[in-house]
Amino acid sequence: MNRTPQSEPVEQSSPGYGRSMTYEPVATYLANGLADARVRAAMSLPVQTRTNPPPNVCRRQVLRTNPKGSKTECVFADGTAILVSNFLAYFIRAGDELLFPVELEVADTGTQIYIRNTNPEERRRDVFQAEISYVTQPRKDKRDNLFVAAEVCGPRLGIPAIHLRCETLRDYFDVGDRRRAWDCQPSFYELLRVNPSVSPAELRLAFKLRSLELCTAHAPTDDLRALERAFNTLAQPELRACYDALRNDPASPVLFPWGGFGSLLVAGDLSRDGKTFYASRILSFRPEQNFKQFQAPLRKITFYKDHAIYRDSRHGLEVLFDQVSLPLLWDTSWNQWKHLLGAKVGVKAPFIQSGKYQHRAGAWHLVMWETAVLSRLQVALPPNSADQVTEARRLHHRFGEFAEALDQIRSRLESVPIERGDLQKFCSRLGMPGDFDVALITWKPDYNAFFYKQLCRRARCLYLFRSEYIFDLEKAVVVETPQLGHATYLFSKPANMSQFLAIYSKVTREDILRNRSNVAERLGFLGRLIHGLKLGAWLKDLKACVGEIADYGEDFDGRI
């Protein structure tokens, strides 16, 4: 290579961190797919070794590099060539040896490629780029050095693991200026101009103010990235605790953000057996990102003193809020009555792939999820959110005020179905106000009101029984449990509703599904409708079962 750069290229990195994880036992390391040989290899010093490449891997010597716009052509001594990114080309010199998959024509971010320095006079480390999956928790080698191991996805070059010492992670993820030593770094608190005891809400306000100041002053891109990195670290409680520990002791364990999952470019050396790359420096890390936009029900948010967390186990999503990003003046008492909230907040953000291992049933399992990048989180509240909060709080107060009366009602519902109007009269005799909705007695926090409202529109009568709603429709009877994970049960229209209820109250759903004592036939059981994610499909099937004509122009996005 004819050119000698005077300065390093801008390092490619993501704006934020993911959540940290608790330390795992050594057994986890073995369960993560990293063999015992690699554990032993972690305890030895790396030695430069020239080994034969695996099958379907090319080994070529670089003749020259030719810049071509957004890419750089890497020409080899045998006359062949490939295209690499300009960032990767910075680390390639004439005479270097490249290892890459046979079919490679363009080396993009995440493509496995190994750059070996063959000039003994140059004190340059080898460079390795690969897509990584899970990164283990910090542990010590035999020299008491803390390190982590990253799994390489589909090790095409025969290198299944990358080992990184904790100070290597610290000097990349936990610093504002990656060109300065750790002891010369300004703290993240100094970058944001806040004190170490700052609250999450104050932290976000400070981040917004500093971002505005830097943008107005046309500050360098690196300064904006450092500010974002500082905020995303301090905004996560676990990462903030880890960073504070580093400020007190620079040799503290360091976690790999998001648990890995992204494109990693590192400099270092290959182990003796060619199976492990020992990274001395991180040159670039780009996590897997997906932009998402969705509606998050307030009832699924867990509220803490200074932050709130939304978790969607079905889609594997996690969003962390503070009082500024979710301006509702909430506190921990909201958890007692949030199930009465029907409001949803709009969420827009890039999401980072993340994961960790959990021990279940005697084995380790990798649990995957996606975490929102807090610096780029946008939240939109519905216009009537304040009114819905007030109404939910009022209903909760009523539940507490009439707790004894509600216990009596639930006790009666355990043995016999009661029509909604009769139940309202019974509530009135117990001193409860007439506007109290008895249907809320068995309502569960995770139930989607769409199903309930669609059935109510079609019902002649509504009966409450145990934790179920029994809807008497014109041409069918529908039983619904107001709780996530329960299907809608359909029955043909009985000749006598009282007889139907008498039979139904003495059997279980298991009896119906297995047709014990011919009970499914006696009740006229037609089948179940799975709620699923597509509300329109459920409503279309319901209409077909009850003899309605489907309206294909309806909007089924879940809004009610």
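Heavy atoms only: backbone and side chains are in, while hydrogens, waters and symmetry mates are out.
Between Asp244 and Tyr189, the side chains place a donor N or O and an acceptor N or O closer than 3.5 Å (distance only, hydrogens not considered). A donor-acceptor contact under 3.5 angstrom links the side chains of Ser199 and Glu202, judged on distance only.
Summarising the local packing, CZ of Arg360 is surrounded by more than 12 heavy atoms from other residues, nucleotides or ligands at distances under 6.0 Å. For Leu212, the CG atom is densely surrounded, since the number of other residues' heavy atoms within 6.0 Å is greater than 12.
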Fill in: Verdict with reasoning, Asp78 to Arg60, per salt bridge (Lys or Arg N to Asp or Glu O under 4.0 Å)
CA-CA 8 Å; Asp78 63 356; Arg60 299 285 188 272; 2.9 Å; yes
Discussion item. The test is salt bridge (Lys or Arg N to Asp or Glu O under 4.0 Å); show your working for Asp312 and Lys292 and say whether it passes.
Written reply: CA-CA 13 Å; Asp312 183 346; Lys292 295 184 182 295; over 6 Å; no
Item to complete: Let me see the working for Val194 and Arg210 under side-chain contact (heavy atoms from CB on, under 4.5 Å), right down to the final yes or no.
Response: CA-CA 11 Å; Val194 295; Arg210 286 292 295 139; over 6 Å; no
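Taking the six-membered ring where the residue is Trp, the centroids of Tyr243 and Phe188 are separated by under 6.0 Å.
By the 4.5 Å heavy-atom criterion applied to side chains, Val175 and Arg180 are not counted as neighbours. Considering only heavy atoms from C-beta on, Phe351 stays 4.5 Å or farther from Glu318 through its side chain. Side-chain contact between Leu192 and Leu227 is present, with at least one heavy-atom pair separated by less than 4.5 Å.
Side-chain atoms of Gln323 come within 3.5 Å of backbone N or O of Trp330 as a donor-acceptor pair. With hydrogens and angles ignored, the 3.5 Å screen pairs no side-chain donor or acceptor of Glu131 with any backbone N or O of Gly154. No donor-acceptor pair closer than 3.5 Å links the side chain of Gln293 to the backbone N or O of Ala349. Although no hydrogens or angles enter the test, the distance criterion places a donor-acceptor pair under 3.5 Å between the side chain of Arg139 and the main chain of Gln137. Between the side chain of Arg93 and the backbone N or O of Tyr90 there is at least one donor-acceptor pair closer than 3.5 Å. The backbone N or O of Cys153 sits nowhere less than 3.5 Å from a side-chain atom of Ser133 that would complete a donor-acceptor pair. Distance alone, capped at 3.5 Å, places no donor-acceptor pair between the Ser263 side chain and the Thr111 backbone.
Using cut-offs of 30° and 60° for the angle between ring planes, the Tyr304 and His307 rings count as parallel. The aromatic rings of His163 and Tyr278 sit perpendicular, their planes meeting at an angle over 60°, well past the 30° parallel limit.
Taking the ring axis of Tyr172 as reference, the NZ or CZ atom of Arg178 stays within 45° of it and closer than 6.0 Å to the ring centre.
Looking at Phe91, Phe277, Phe100 one by one, the single match for ring pair (Phe, Tyr, Trp, His ring centres under 6.0 Å) with Tyr114 turns out to be Phe277.
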